[in-house]
Visitor: 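Would you mind keeping the following structure in view while I ask a few things?
Numbers restart at 1 for each chain; the letters A, B, ... are given by sequence-line order, proteins then strands. What you see is a predicted model, and the numbers here were worked out from it, not measured in a lab.
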Amino acid sequence: MVDEPRDNPYIRDPDLDFKEIGDMSKEDAKEEVEDLREAIEHHDYLYYIKNDPVISDTVYDTLFNRLATLEREFGLVEENSPTQRVGGEPLDSFETREHVREMLSLDSSEDEEEVRRFDERVRREVGEVSYSIEPKFDGFSVEVVYLEGEFDRAITRGDGMSGDDVSKNVKTIRTVPLKLNKAPELLSVRGEIYMPKSGFHELNEERLKKGKEPFANPRNAAAGTIRQLDPNIVAERPLSIFFYDILDCSQEVKTQRETFELLKSIGLRVNDLNDLVNEIDDFIDYRNEIMKMRDELEYDIDGVVAKVNDIDKREEMGKTARHPRWAFAYKFPPKISETKVRKIIVQVGRTGKLTPVALLDPVDIKGVTVSRATLHNEEIVKKLGVTNGSKVKVERAGDVIPEIEEVVEKSEGEFSMPNSCPVCGSDVVEEGKYHFCTGGISCSVRYIFYWAILGFFVSSLLFGKRSGKSA
DNA sequence: GTGCGAGCCA
DNA sequence: TAATGATGGA
DNA sequence: TCCATCATTATGGCTCGCAC
């Protein structure tokens, strides 16, 4: 638990009878600024993280304004002062930065059997284990680094090795502390940024009033917000964060449980639905319990995660190129909707591979309009029996990728791959389960250069127009 | 002001 | 983000 | 046979920069 600062006059029943600025020396101001910062940090913690404020909003605002005034009048503005959350100059672009350690994604499935197989593999490799279990948040993850207990930087996941430095934007998030309490010298943590459902709805109402397009769903609103170059806009959007992992820490941590305890004790916001179990059955029950609560939560989740609690055992299990081998996400079943296939089209990829894609009557699946779904190859289309005009069940696999589940109502005819390439007209050949365009380079070249030529044409027009004007 | 591609998130 | 299929190792 | 890995394909929403 974060300690209450001692000998600070602005914690409980703050004295708001401030000295006249004209009567103060710079030393006086410095002292007061330090007390105010410490107090405001603490009040932020109580308000945003513990949800248990000890002063009213008006008193808070008074303290905040006093701090801003002193900083301005005496030239005491500092980067990690609470007053610096808001505002700042817009960036030209984001800098790319390396993570202290790679940020992997989790292996996952909706299938209970897969979860049991994961458990068997774990026990085969490292013996008896307990699992730390927690919800899987549907936001986007960032690395946040604290040095000497002070906020240093925040980096998006990117390709896992390095990402964009979005520090200025992340600093506007009230649930991200700028200073930590008794923190290790070096601490790099992973957290999930999200937009609370209520904030999302309020934001959309405001946007409608202003005649702007509402956002489609909280996740994309949050992801879009963090890509804003102007932190002032970010500051007005309701973002929040949960921290859940340590990437690097100068203090030894032995288990996932200790991770949560450490994060909490230094003032980082942690979700409280996590638990510890010894049996995989308990994890499966947990998933079903959380699934029932899903709609009542203030944030979107797309499943639950089990992590081997003991960190030595994790190291023993290691990782693959994409996932740690000691963790597994048990996802919720995707929402299934019915719609009609308007038409099956065939796309040609960079390598000349032909892929059938179903164009659908648009349906809304959990805040996303689905209007097309890949059918992978001819064999799969035939196995499913998808034809133009048939009624189908669609889901979003992993709540992301549209996928045709089954045909509900067939229609006339049968799909087959065209004999000639829909892009260049060359012959099409079969290679295993796939079809390829024999136009080879000339097809893909034509495909790519079509745009290049168009671009050249347009730019030469433009060039002609400009030189005409200047002449 | 609008539209489109690139590049990002999942 | 997911699914697929080829490939290579145990 | 089982498993992991790789390359390739695919979706939708969002912001930004640039062209018009």
Side-chain angles (χ1 to χ4, degrees), chain A residues 90-94 96 103 105-110 114 117-118 120-121 124-125 136-142 156-160 163-164 166 169 192-195 212-230 233-234 237 300 302-303 318-323 325 329 331 334 345-360 362-380 383 394-405 431-436 451-452 454-455 458-459 461-463 465-466:
Chain A
L91 274 54
D92 290 334
S93 62
F94 297 116
T96 312
M103 285 172 86
S105 56
L106 293 179
D107 201 359
S108 68
S109 173
E110 298 141 21
E114 291 276 320
R117 274 171 53 196
F118 161 74
E120 282 160 21
R121 198 177 73 217
R124 195 166 58 234
E125 289 182 28
K136 186 171 192 299
F137 311 111
D138 188 16
F140 71 96
S141 52
V142 283
T156 63
R157 200 180 83 92
D159 64 2
D164 287 337
V166 289
N169 288 345
E192 192 88 353
I193 294 177
Y194 67 95
M195 191 175 284
K212 292 183 185 170
E213 277 294 303
F215 289 114
N217 57 64
R219 205 202 67 74
N220 286 339
T225 299
I226 225 67
R227 302 215 62 75
Q228 286 279 352
L229 292 173
D230 184 352
I233 298 174
V234 183
R237 304 263 177 92
D300 280 329
D302 56 1
K319 61 190 183 230
T320 71
R322 301 186 61 197
H323 321 291
R325 300 183 64 254
K331 295 225 173 177
I345 59 161
V346 176
Q347 293 187 192
V348 185
R350 187 170 50 83
T351 57
K353 190 190 276 176
L354 271 61
T355 309
V357 172
L359 302 185
L360 309 166
V363 271
D364 184 284
I365 309 183
K366 281 184 45 186
V368 170
T369 310
V370 172
S371 53
R372 40 199 302 153
T374 180
L375 289 161
H376 303 294
N377 59 48
E378 186 181 43
E379 189 184 274
I380 286 173
K383 205 167 79 193
V394 225
E395 60 174 42
R396 284 201 296 143
D399 275 342
V400 177
I401 307 296
E403 172 126 295
I404 292 184
E405 185 70 1
E431 255 181 70
K433 304 198 171 183
Y434 291 121
H435 291 71
F436 287 87
W451 298 108
L454 193 72
V458 167
S459 60
L461 263 182
L462 180 71
F463 183 69
K465 227 184 344 186
R466 274 190 187 150

Visitor: OP1, OP2 of B:dA10 versus side-chain N and O of A:Ser141: anything below 4.0 Å?
Guide: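 Affirmative; the distance criterion is met.
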
Visitor: Looking at C:dT1, I'd like to know if its phosphate oxygens (OP1 or OP2) sit under 4.0 Å from a side-chain N or O belonging to A:Arg157.
Guide: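 Yes, because at least one side-chain N or O of A:Arg157 sits under 4.0 Å from OP1 or OP2 of C:dT1.
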
Visitor: Quick one: is D:dC14 close enough that its OP1 or OP2 comes under 4.0 Å of any side-chain N or O from A:Thr225?
Guide: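 Indeed not, no polar side-chain atom of A:Thr225 lies that close.
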
Visitor: For D:dT9, does either OP1 or OP2 sit under 4.0 Å from a side-chain N or O belonging to A:Gln347?
Guide: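 Indeed not, no polar side-chain atom of A:Gln347 lies that close.
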
Visitor: Kindly say if A:Thr351 contacts the phosphate of D:dT9, meaning a side-chain N or O under 4.0 Å from OP1 or OP2.
Guide: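 For D:dT9, OP1 or OP2 has a side-chain N or O of A:Thr351 closer than 4.0 Å.
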
Visitor: Report, as a single string ordered 5' to 3', how protein heavy atoms within less than 4.0 Å touch nucleotides 2-10 of chain C: B base, S sugar-phosphate only, - not at all.
Guide: SSSS-----

Visitor: Closest to the A:Leu229 side chain: D:dG12, D:dA4, D:dG17?
Guide: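 The nucleotide sitting nearest to the side chain is D:dG17.
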
Visitor: Ignoring the backbone of A:Arg227, work out which of B:dC8, D:dG12, D:dT9 is nearest its side chain.
Guide: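 Of B:dC8, D:dG12, D:dT9, B:dC8 is nearest to the side chain of A:Arg227.
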
Visitor: Of the nucleotides D:dA4, D:dT15, D:dG17, which has the atom closest to the A:Phe215 side chain?
Guide: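 Given the options D:dA4, D:dT15, D:dG17, the side chain of A:Phe215 is closest to D:dT15.
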
Visitor: Taking only the side-chain heavy atoms of A:Ala216 (C-beta and beyond), determine which of D:dC14, B:dC9, D:dT9 contains the nearest atom.
Guide: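 Ranking D:dC14, B:dC9, D:dT9 by closest atom to the A:Ala216 side chain puts D:dC14 first.
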
Visitor: Per the atom types in the model, does the base of B:dC9 pair as donor or acceptor with the side chain of A:Arg219 at under 3.5 Å?
Guide: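 Yes, the side chain and the base share a sub-3.5 Å donor-acceptor pair.
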
Visitor: Hey, is the side chain of A:Thr355 poking within less than 4.0 Å of OP1 or OP2 on D:dT8, counting only N and O atoms?
Guide: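 No, because none of the side-chain N or O atoms of A:Thr355 sits under 4.0 Å from OP1 or OP2 of D:dT8.
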
